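Reading through the structure tokens given below for one structure.
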Amino acid sequence: MPVPKVMGVETEYGISVKGAVDRDPVTASTLVVNSYRDRERNKVLWDYDQESPTSDARGFTSDETVQSPDEESNRVINDILINGGRYYVDHAHPEYCTPECLDARELVKYDKAGEIILNISRQISEEVLGKDTRIIIHKNNSDHKGHSYGCHENYLMDRSVDFQEIVDGLTPFLVTRQIFTGSGKVGYENGSDPAVYQISQRADFFESEVGLSTMVDRPIINTRDEPHADEKRFRRLHVIVGDANMSEFTTYLKVGTTALVLTLIEMGVIKDRFKLMNPVKAIKSVSRDLNCNGRISLLKGGDWTPIQIQREYLNLAVKYLSSTADPIAKDILEKWEFVLDKLEEDPMQLDRHIDWVIKKRLIEAYMRKFDLDWSDHRVLMLDLQYHDVDPEKGLYYRLVKNGQVERILNPGEAFSAVTDPPESTRAYFRGMCLKKYSQQIHSVSWNSMVFELNSSSSLNKIYMQDPCRGTKELVGEILDGCKTADELIKFFDELSK
């Protein structure tokens with residue numbers, strides 16, 4: 001039975017420091033995250049007890065040991081945001097996690113809020129370090145030195161759906177959706193076949209079809225079984241194969257189409273009808289096929305182009321979902337068809353819409369102006385500058401300012417998402433509690449909050465096991481009526497009697 005596709009995105013940002021003696025990215029990331037921190041929420045911890053990164057959806061647990069940080073480190077590397085999201089240091093990167101969102105448009109807004117938060121953090125950090133130091137933050141997936149960092153999507157699914165059906169139904173979609181979700185990349189990495197320019201930044205780094213790891217032997221389908229919700233009812237599908245996108249249109253289509261396909265999988269519509277002969281080989285070849293007309297072999301016979309495969313998914317979505325679709329889902333279906341039509345005619349017609357085409361058009365204009373070829377180091381720098389989160393330096397932002405890209409959001413709309421949580425998921429309860437009761441909150445996770453009451457020495461935990469509850473409609477009046485966390489806990493205690 002399909003469940004609402006509550007969704008979120010976790011983005012690891014690339015970071016570098018110019019003009020500093022110590023250029024350690026871990027130190028820089030820690031400074032950036034802590035620069036943004038609201039001191040009133042400084043004592044709130046992230047609750048690692050609710051995490052299970054070694055649980056595998058195939059029914060076993062990895063023998064890998066994952067150690068949670070001590071309390072002091074927890075405070076240093078984590079910032080729980082009043083918009084319902086999380087901001088923390090992940091290895092050598094600042095990472096921003098959106099709050100749970102109910103639809104693709106809402107997710108675009110909170111994803112863009114992340115760019116604003118990172119830029120504010122950058123500005124404050126540079127003030128701390130002094131005028132001769134500059135921090136550069138890129139929303140991309142590769143440092144062009146062999147390292148890739150992720151942009152991971154998460155989707156709520158029905159636990160009863162067999163995981164193999166997810167693997168069979170989703171793999172061909174993920175391999176081919178990059179024709180409209182890739183952010184574009186100059187060059188190649190990880191020992192892959194040479195390319196001067198390719199569609200996806202991440203494609204070179206996938207080496208297996210299915211697996212638990214996100215850092216080595218990266219799989220197209222990640223098997224992490226960490227629902228952050230009622231594990232008997234829900235699955236959180238963790239998608240690690242996507243690029244980090246600057247284009248609002250691209251992000252909107254990326255998460256919107258994926259949500260529709262997952263609904264089709266829950267309905268039992270797709271099964272293994274599009275299963276690929278060699279998905280790992282295909283994800284790399286599709287990334288290098290700038291005309292999007294190369295053919296991929298299907299296991300049950302036939303060679304199809306990525307556009308043909310995507311169009312089959314689209315046709316199924318129209319057949320089974322259009323009659324009951326809400327306005328955003330209908331808009332996704334229309335834009336999906338529009339993009340596939342343009343890709344089939346000439347991908348460069350989408351130079352206002354999708355990242356890899358926007359960037360390619362921009363780079364080629366620069367190359368013509370200065371008589372450069374793809375091997376020139378200035379071309380690589382242009383690639384990076386497209387993703388710079390500094391609005392004064394980022395090339396994508398310049399295009400936005402000049403009205404040269406298609407928007408999903410209204411101008412300035414993302415700023416409200418920096419401080420206000422979504423109203424349609426449990427993120428509302430989390431964000432509003434952080435705003436109102438920060439001094440009485442001990443720790444937070446995606447599916448729980450722990451309160452320290454003035455009237456008791458014990459800790460009180462409220463579980464949020466359904467991402468579709470805790471909305472403004474359900475708890476708004478309750479939060480308005482409770483001036484303290486003590487009153488809130490008392491209300492829920494009486495409600496449960």
Side-chain angles (χ1 to χ4, degrees), residues 6-13 32-47 77-90 94-124 137 139 151-154 156 228-229 244-245 248 251-252 255 389 391 408-439 441 443-449 462 464 467-476 479-480:
V6 176
M7 58 186 75
V9 170
E10 312 161 18
T11 305
E12 300 172 34
Y13 284 77
V32 163
V33 170
N34 278 270
S35 293
Y36 185 78
R37 190 187 304 273
D38 183 336
R39 293 300 136 187
E40 291 185 2
R41 299 190 309 279
N42 188 45
K43 72 184 186 74
V44 180
L45 300 171
W46 184 255
D47 186 357
I77 66 173
N78 282 292
D79 188 6
I80 301 94
L81 302 172
I82 57 176
N83 74 353
R86 182 187 178 197
Y87 187 28
Y88 72 111
V89 181
D90 183 28
E95 178 164 336
Y96 168 75
C97 305
T98 70
E100 303 92 322
C101 299
L102 195 58
D103 61 56
R105 191 182 188 283
E106 189 170 67
L107 185 59
V108 172
K109 183 167 70 171
Y110 282 91
D111 180 61
K112 282 295 172 183
E115 295 172 28
I116 296 170
I117 288 170
L118 266 292
N119 188 54
I120 292 171
S121 303
R122 178 197 62 78
Q123 292 174 311
I124 298 172
I137 298 175
K139 188 188 182 190
C151 177
H152 298 169
E153 305 149 54
N154 300 288
L156 190 70
H228 298 319
N245 297 114
E248 296 173 9
T251 299
Y252 182 64
V255 298
V389 302
I408 298 298
L409 305 177
N410 299 319
E413 187 177 354
F415 283 94
S416 65
V418 172
T419 54
D420 295 332
E423 297 180 353
S424 54
T425 68
R426 66 185 177 191
Y428 179 80
F429 181 77
R430 183 189 308 115
M432 296 307 293
C433 283
L434 284 163
K435 283 186 175 186
K436 193 165 185 177
Y437 313 120
S438 62
Q439 295 303 309
I441 297 176
S443 56
V444 174
S445 73
W446 294 113
N447 58 322
S448 69
M449 298 192 73
I462 293 179
M464 304 177 290
C468 295
R469 299 185 68 81
T471 65
K472 183 177 182 179
E473 181 180 2
L474 292 174
V475 302
L479 292 172
D480 289 342

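Predicted, not measured: the structure shown is a model, and the values here were computed from it.
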Applying side-chain hydrogen bond (donor to acceptor under 3.5 Å, both in side chains), can you list everything that pairs with [X], at least two apart in sequence or on another chain?
X    : answer
Y252 : D331
R86  : Y48, N78
H228 : none
S443 : none

Go through the structure and list residues passing salt bridge (Lys or Arg N to Asp or Glu O under 4.0 Å) with [X], not counting sequence neighbours.
X    : value
D90  : none
K436 : none
R426 : E100
E95  : none

Where [X] and [Y] come nearest, the two heavy atoms and their spacing:
X    : Y    : value
T98  : W446 : O-CH2, 3.7 Å
A113 : Y96  : CB-OH, 4.1 Å
A244 : T11  : CB-CG2, 4.3 Å
Y110 : P422 : OH-N, 2.9 Å
A427 : P421 : O-CB, 3.5 Å
K112 : A414 : CB-CB, 3.7 Å

[atom2] on [Y] to [atom1] on [X], rounded to 0.5 Å:
X    : Y    : atom1 : atom2 : answer
L118 : Y87  : CG    : OH    : 4.5 Å
N154 : C97  : CG    : SG    : 8.0 Å
I408 : L107 : CD1   : CG    : 12.0 Å
L102 : L156 : CG    : CG    : 10.0 Å
I80  : S445 : CD1   : OG    : 10.0 Å
C101 : M7   : SG    : CE    : 8.0 Å

Quick check on side chain to side chain contact (heavy atoms under 4.5 Å, CB included): which of I82, N83, I117, L81 does V418 satisfy it with? I117
With sequence neighbours excluded, tell me which residues meet side-chain contact (heavy atoms from CB on, under 4.5 Å) with [X].
X    : value
T471 : E473, L474
T251 : V108, D111, N245
D480 : none

Compare all side-chain heavy atoms of [X] with those of [Y] and state whether any distance is below 4.5 angstrom.
X    : Y    : answer
R469 : F429 : no
Y88  : D79  : no
Y13  : E115 : yes
T425 : P99  : no
L479 : Y437 : yes
R105 : E413 : yes

The complete set of side-chain hydrogen bond (donor to acceptor under 3.5 Å, both in side chains) pairs with one or both residues in residues 415-424, sequence neighbours excluded, reads E106-S424, D420-K435
